[in-house]
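Below you'll find the structure, written out as structure tokens, and then a few comments.
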Amino acid sequence: FWSLQIDPAKSQTRFQTPEDEAPRIAPITATWPGRPWSQAAAVALPDGLAVLTPAECSDGMSDQSYGIAADLFLSGPDRTRLSGCCRLAKP
């Protein structure tokens, strides 16, 4: 399973896939905040872009529901797209 943590207070991201030995921690270099007419927001990653949108979302493996859908578009040679669910965490 992949994971992405976005920490606005530290202005950094932490991204990891099962293939990674350690998480990739990088500064947030750009954001595109949601606007009243567009509820989506995006965060630049070192090797791609994460797009967050409000949506009823389920991971399909638990009974837990999430309120945010996450799509990661990676800019590597295979241009991978990862999709999942997320939630806001208390700092």
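Below, all heavy atoms of this structure are taken into account, side chains as well, without hydrogens, waters or symmetry copies.
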Exercise: identify the closest heavy-atom pair between [X] and [Y]:
X	Y	result
Arg87	Gln64	NH1-NE2, 3.3 Å
Cys86	Ala70	SG-CB, 4.2 Å
Trp32	Ala44	CZ3-N, 3.7 Å
Thr53	Ala40	CG2-CB, 3.5 Å

Study note, to complete from the structure: d(Gln39 CD, Leu52 CG) to nearest 0.5 Å is 12.5 Å
Point to revise | From CG (Asp47) to CG (Leu72), nearest 0.5 Å | key: 9.0 Å
Review point. Considering residues, nucleotides and ligands other than Glu56, do more than 12 of their heavy atoms fall under 6.0 Å from its CD?
Key: no
Practice item. Please check if atom CZ in Arg24 has more than 12 non-hydrogen atoms from other residues, nucleotides or ligands closer than 6.0 Å. Key: yes
Check your understanding: Name the one of Leu82, Val43, Thr13 that satisfies side-chain contact (heavy atoms from CB on, under 4.5 Å) with Leu4?
Key -> Thr13
Review point. For the hydrophobic clusters of this structure (ILVMFWY residues joined by side-chain heavy atoms under 4.5 Å, transitively), does one cluster hold both Ile68 and Tyr66?
Key: no
Practice item. For the residue pair Ser83 and Asp71, confirm or rule out a side-chain donor-acceptor distance under 3.5 Å. Key: yes
Check your understanding: Can you find a pair of side-chain heavy atoms, one from Phe15 and one from Leu74, that are under 4.5 Å apart?
Key -> yes
Review point. Side chains of Asp7 and Arg14: does their closest heavy-atom pair fall under 4.5 Å?
Key: no
Exercise for review: Report yes if the SG atoms of Cys57 and Cys85 are separated by under 2.5 Å, and no otherwise.
Suggested key: yes
